[in-house]
Amino acid sequence: MSDIAASVPTVVRTRFAPSPTGYLHIGGARTALFNYLLAHRLGGKFILRIEDTDQARNIERADEKLIEDMRWLGLIWDEGPGVGGPAGEYHQSRRLTVYRQHAQRLLDSGKAYYAFDTREELDAMRKAAESAKRRFRYPRPAQFPSESDAQRARSEGRPVVVRFRMPERDFVVNDLLCGEGGVRIASSEVDDFVILKNDGWPTYHFAVVVDDQDMLVTHVLRGQEHLMNTPNHLGLQESLGFRTPVYAHLPVILNMDGSKMSKREKDAAVRNAAKAAITSGASSEGALRAATGAEPDSFAAWLRGDVQLDSAALDRLAAALEVQPPEIQIHDFRASGYVPAVLLNFISLLGWSPGEDREKMSMAEMCSLFSLERVGRTNARFDRAKLLNFNTTALAAMDTPSKRTLLRDYLVLHDDSPLAALDDAMLDRLIDMCPGVRLLRDVETKCRALFVADDALRLDPAARDKVLLKNERAGLRTLEALASRLDTLPEWKASAIDALVRNFAEEQGLKLGDAAQPVRVAITGTTVSPPLFESLELLGRERSLARIRGTIRSLSVV
RNA sequence: GCCCCCAUCGUCUAGAGGCCUAGGACACCGGCUUUUCAAGCCGAGAACACGGGUUCGAAUCCCGUUGGGGGCGCCA
């Protein structure tokens, strides 16, 4: 046992212990946040530990995306990957010897034993239990196999695992959130679970107990899905002579429809869009497959719903289909243009309330206000509309340089945008032209037409019909009349253009919108843009008139 | 199926037996403002799941029912 494990924690120490399966999930972010807040509130330490003990699922450097999202949110850990700490290694995959030593200790003292069952045998036993309407419990042998039995099994090619001899008694989980005075779980509900897999790696239950001891974790805040596992951990702690940390099992975050929020959903949304595009003839399977870069067979399997696409391929496909799949992982929210502090504020309210009708908080405020007593116990639904409102008000209250920093971050993720190459002064100008935006993405979608080449401008057919061609081309005639006046305007400034268009409208007995919209469509191709006169000024007289004349020409040739 | 957790407006929540004619926020609806989209302003509607107790008094405590969620892996 290491030195650190022998000492007794004197300060609060929390940890977030995800398995690295890609970007950080929204539910995981909330768990991490609560652990972070508790540690900071109580002057303790927040630890990040990577639970990468599943070799089948682990890919090289799988924790990178997770860490990227954590950092982006500002959930900075005091100990863990990249910063180190007293425990040395914070990846479970690098702590194998520690787990094996403890397992051996249990084996030697008869508190754990070898088992040699195959998957098929276990499946058969579970099936039998199910048809007999019994809960399956592993049949503990009267006599535990010896070390040489294990050797023989191995040489015969049988699987060899180590099972924990679970103490035969009821367990009470003293949970701060669930139950009153603890959750009692009967002895009949637990059994001898595996602690060391056939591949020699520890299972989650085992590694988590060893690490929480070694890392001096005092408070475990985790998802409610872990509540029923806790007796396993209590049993292990008892048999290993470890401390038991304080537990608090957090309620779950669900979708608005009450279903579980998972990456599957994003996958399904894109699949539906892909199928619709193929059915309607808007695209072909081959073209979509090319967008993903997938092999024909695996793409077909994905279309059938047999497998999921990796997130990068999914994002590319969504972009090609021009759909916005629901954001599930933190990276998705980042790519949509949410503000990290807002995201944290919003998810903090999912299960926690500071009281006094308080909602909008900075990280520092949350840190000083947080307490477990005010964490709720009911599952929460993830209301994207409310998040969007939070983001909108936060952006409205932010100064231009702060927004620019966020817009830069957005553009780094969207480097194909025509805005990506602009300098700070220009970005600031655009930001100021777009008050009231809901997402950083809105700045980009509103302004991008001003930065594409004049001949690359796409005229939206719906906008063209509605604004220019409707009513016997009234809009187009207005545009023609305005074009010649704009041509002779002495000073190409927003205020001057404003006055010109207003005068024109009044003179013609038109509403301002009737004069402005045709110009907007002509210079941006759509009905949505930053304020028109400023847009014209920014574009400049020549390019503005070139676009207007180009639009007129393209519609006159009919 | 068995076990566990949970239950206030559509959603997130405030509510620790009388301050509750149940408060706030978002959404929704109506109106105003407006060169587009947003944003903004004003206003309205909207909840204690149900049934029994306990108590002078219950959203609040107890029991049951119903509903929702989770667990029952060599996944975490």
Side-chain angles (χ1 to χ4, degrees), chain A residues 17-21 51-54 56-57 115 117-119 122-123 126 129-130 133-137 159-163 173 175 177-179 183-186 188-191 193-199 201-205 207-208 222-230 249 251-252 254 256 258 260 346 349-360 374 376-390 392-393 395-396 434-438 442 445-446 463 467 498 501-502 505 511-517 519-521 524 526-533 535:
Chain A
S19 71
T21 53
E51 309 227 325
D52 51 353
T53 54
D54 185 3
R57 273 210 291 199
D117 315 271
T118 62
R119 306 256 181 192
L122 286 167
D123 284 348
R126 289 201 178 93
E130 193 183 330
K133 295 188 192 238
R134 274 192 350 258
R135 183 196 154 85
F136 170 73
R137 299 181 73 204
V160 177
V161 303
V162 177
R163 280 183 187 267
V173 182
D175 192 285
L177 297 174
C178 297
V183 177
R184 172 170 294 270
I185 290 148
S188 57
E189 296 303 314
V190 297
D191 74 345
F193 57 94
V194 173
I195 57 173
L196 230 46
K197 306 180 221 177
N198 183 42
D199 62 13
W201 288 48
T203 58
Y204 161 76
H205 299 299
V208 86
R222 49 162 44 155
Q224 219 168 55
E225 65 271 20
H226 292 293
L227 180 60
M228 296 302 282
N229 302 148
T230 312
H249 288 93
V252 180
L254 305 167
M256 276 306 273
K260 200 173 167 183
F346 183 75
L349 263 14
L350 265 26
W352 173 63
S353 163
E356 294 173 355
D357 296 336
R358 195 121 185 229
E359 285 199 322
K360 303 284 173 66
R374 295 200 63 91
R377 30 190 78 184
T378 70
N379 292 344
R381 295 181 190 216
F382 191 81
D383 187 353
R384 287 191 165 76
K386 183 161 179 170
L387 170 62
L388 197 55
N389 171 273
F390 269 42
T392 307
T393 32
L395 284 175
C434 300
V437 289
R438 301 148 74 94
D442 296 343
T445 52
K446 266 186 161 181
V467 176
D498 187 330
V501 177
R502 266 176 218 281
K511 285 185 291 182
L512 187 52
D514 293 333
Q517 278 302 76
V519 181
R520 190 190 312 280
V521 172
T524 68
T526 72
T527 55
V528 177
S529 82
L532 181 62
F533 309 128
S535 299

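Each chain gets a letter, A, B and so on, in the order the sequences are listed, and its residues count up from 1.
Base engagement by A:T527 is indicated by at least one non-hydrogen atom pair under 4.0 Å involving a base atom. At a threshold of 4.0 angstrom between heavy atoms, the contacts of A:T378 are confined to the sugar-phosphate backbone, with no base atom among them. Among the atoms of the strands shown, base atoms are found under 4.0 Å from some heavy atom of A:R520. Nucleic acid contact class of A:P251 (heavy atoms, under 4.0 Å, all strands): none.
The CG atom of A:L254 sits 12 Å away from the C1' atom of B:rU11 (whole-angstrom rounding). One interatomic measurement links the two molecules: NZ of A:K386 to P of B:rU13, which rounds to 9 Å at whole-angstrom precision.
Applying the Watson-Crick and G-U wobble criteria (two distances, each under 3.5 Å), B:rU55 pairs with nothing in any strand. B:rU21 makes up no base pair with any nucleotide shown, lacking Watson-Crick or G-U wobble contacts both under 3.5 Å. Figure legend. B:rC26 is base-paired to B:rG10; pairs are counted as Watson-Crick or G-U wobble with both atom distances under 3.5 Å. Judged by Watson-Crick or G-U wobble contacts below 3.5 Å, the nucleotide B:rA47 has no partner. Using N1 to N3 plus N6-O4 or O6-N4 for Watson-Crick, or N1-O2 and O6-N3 for G-U wobble, each under 3.5 Å, B:rC41 pairs with B:rG31.
Looking at the side chain of A:L122, the nearest of the listed nucleotides B:rC74, B:rA76, B:rC72 is B:rC74. Proximity note for A:R377 (side chain, C-beta onward) versus B:rA76, B:rG71, B:rA7: the nearest is B:rA7. When distances run from any side-chain atom of A:M228 to the nucleotides B:rG70, B:rC2, B:rC74, the shortest one goes to B:rG70. Taking every side-chain heavy atom of A:A516 into account, B:rU35 is the closest of B:rU35, B:rC74, B:rU11. Taking only side-chain atoms of A:E189, from C-beta outward, the nucleotide of B:rC12, B:rC2, B:rU11 with the closest atom is B:rC2. For A:N198, whose side chain is taken as the heavy atoms from C-beta onward, the closest listed nucleotide among B:rA76, B:rG71, B:rC74 is B:rC74. If you check B:rG23, B:rA76, B:rA39 against the side chain of A:D357, the one that comes closest is B:rG23. Closest to the side chain of A:N389, from the set B:rA27, B:rA39, B:rC12, is B:rA27.
Taking every heavy atom of both residues into account, A:P251 and A:T378 meet most closely at CB-O, 3.3 Å.
In this structure, A:R374 reaches the B:rG15 phosphate: one of its side-chain N or O atoms is under 4.0 Å from OP1 or OP2. Distances shorter than 4.0 Å separate some side-chain N or O of A:R163 from OP1 or OP2 on B:rC74. Between A:K360 and B:rG24 there is no side-chain N or O to OP1 or OP2 distance below 4.0 Å. Residue A:R438 places at least one side-chain N or O closer than 4.0 Å to OP1 or OP2 of B:rA39.
Rounding to the nearest 0.5 angstrom, the gap separating the CG atom in A:L227 from the SG atom in A:C178 is 5.0 Å. A distance of 6.5 Å separates OG1 of A:T230 from CD1 of A:I185, quoted to the nearest 0.5 Å.
For the pair A:K360 and A:F390, the distance from NZ or CZ to the six-membered ring centre is under 6.0 Å and the angle to the ring normal is within 45 degrees.
Surrounding NZ of A:K511 are at most 12 heavy atoms belonging to other residues, nucleotides or ligands under 6.0 Å away.
Position along RNA chain B of the nearest nucleotide to A:N229 versus A:A380 favours A:A380 as the more 5'-ward residue.
A distance below 6.0 Å separates the ring centres of A:F382 and A:F346.
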